[in-house]
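Take a look at the structure set out below.
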Amino acid sequence: QVQLVESGGGLVQAGGSLRLSCEASGRSSSTNAMGWFRQAPGKEREFVAAISWVSNTYYADSVKGRFAISRDNAKNMVYLQMNSLKPEDTAVYYCAASMSVTSLKAQRVDYWGQGTLVTVSS
């Protein structure tokens, strides 16, 4: 069993930056791929970014060039650096873990975090 705990959300002005962190309580094959999803009010949850065990990265077109995902396998941590934030980035951000990036991007996720709210004011 793996637990994911996010931190780092908050309120920021447009153009600002935030860094989200996700700590995994254990290591299993289900943490081979880690990633972030978000869900804005009234919208479906959507893929944001993913990272493989060897740190290959993948991004949604809407965040490419602005967000950066990284991981520290020794610490069981994954991070999402968010720069040039826009009001449309406002959402609850969820950390996710899966056996593969392909599964994760398809939302075939083994573990979800509880979510952390990011609010970007205009």
Side-chain angles (χ1 to χ4, degrees):
Q1 187 76 9
V2 174
Q3 287 188 319
L4 304 177
V5 179
E6 303 101 332
S7 61
L11 173 65
V12 63
Q13 288 188 332
S17 298
L18 278 176
R19 188 194 195 206
L20 304 183
S21 299
C22 173
E23 181 175 11
S25 64
R27 166 75 179 113
S28 77
S29 59
S30 293
T31 59
N32 284 349
M34 301 287 292
W36 295 91
F37 289 78
R38 66 186 181 187
Q39 187 167 20
K43 295 187 176 182
E44 293 187 351
R45 185 163 50 194
E46 64 175 1
F47 168 76
V48 174
I51 187 167
S52 70
W53 180 254
V54 295
S55 293
N56 294 319
T57 59
Y58 308 83
Y59 298 96
D61 288 343
S62 59
V63 306
K64 205 171 291 184
R66 299 188 299 121
F67 290 12
I69 188 171
S70 60
R71 67 188 296 168
D72 184 333
N73 292 334
K75 296 181 179 179
N76 290 337
M77 297 289 295
V78 63
Y79 307 98
L80 185 68
Q81 178 67 43
M82 305 185 294
N83 299 324
S84 302
L85 282 161
K86 305 175 182 179
E88 51 263 44
D89 294 318
T90 294
V92 176
Y93 283 71
Y94 296 91
C95 181
S98 187
M99 291 188 66
S100 72
V101 170
T102 300
S103 295
L104 190 142
K105 291 175 69 177
Q107 295 203 36
R108 294 193 298 272
V109 170
D110 294 317
Y111 299 101
W112 291 99
Q114 82 285 353
T116 185
L117 177 63
V118 172
T119 303
V120 184
S121 63
S122 57

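Within the cation-pi definition used here (under 6.0 Å to the ring centroid, within 45° of the axis), R38 does not qualify as a partner of Y94. For the pair K64 and Y59, the cation-pi criterion (under 6.0 Å, within 45° of the ring axis) is not fulfilled.
The residues D89 and K86 are annotated as not salt-bridged, no charged nitrogen and carboxylate oxygen being separated by less than 4.0 angstrom.
Evaluation of the side chain to side chain contact (heavy atoms under 4.5 Å, CB included) rule for A106 yields R108 as partners, not counting sequence neighbours.
Surrounding NZ of K43 are at most 12 heavy atoms belonging to other residues, nucleotides or ligands under 6.0 Å away.
Here the CH2 atom belonging to W112 is positioned 9.5 Å from the OG atom belonging to S98, to the nearest 0.5 angstrom. One finds the CG atom of N73 at 6.0 Å from the OG atom of S55 (value rounded to the nearest 0.5 Å). Summarising the geometry, atom CG belonging to N32 is positioned 8.5 Å from atom OG belonging to S100; distances are rounded to the nearest 0.5 Å. One distance of note links CD of E23 with OH of Y79; it measures 8.5 Å at 0.5 Å rounding.
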Item checked: Steps toward ring pair (Phe, Tyr, Trp, His ring centres under 6.0 Å) verdict (F47, W36) -> CA-CA 7 Å; F47 168 76; W36 295 91; over 10 Å; no

Please list every donor-acceptor pair under 3.5 Å in which a side-chain atom of residues 2-18 meets a protein atom from a residue at least two apart or in another chain.
| unit_1 | atom_1 | unit_2 | atom_2 | d |
| --- | --- | --- | --- | --- |
| E6 | OE1 | Q114 | N | 3.0 |
| E6 | OE1 | Q114 | NE2 | 3.3 |
| E6 | OE1 | G115 | N | 2.9 |
| E6 | OE2 | C95 | N | 2.7 |
| E6 | OE2 | G115 | N | 3.2 |
| S17 | OG | N83 | OD1 | 2.9 |

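The shortest non-hydrogen separation linking A33 to L104 is O-CD1, 3.6 Å.
Listed for the R71 side chain is a donor-acceptor partner under 3.5 Å among the backbone atoms of S52.
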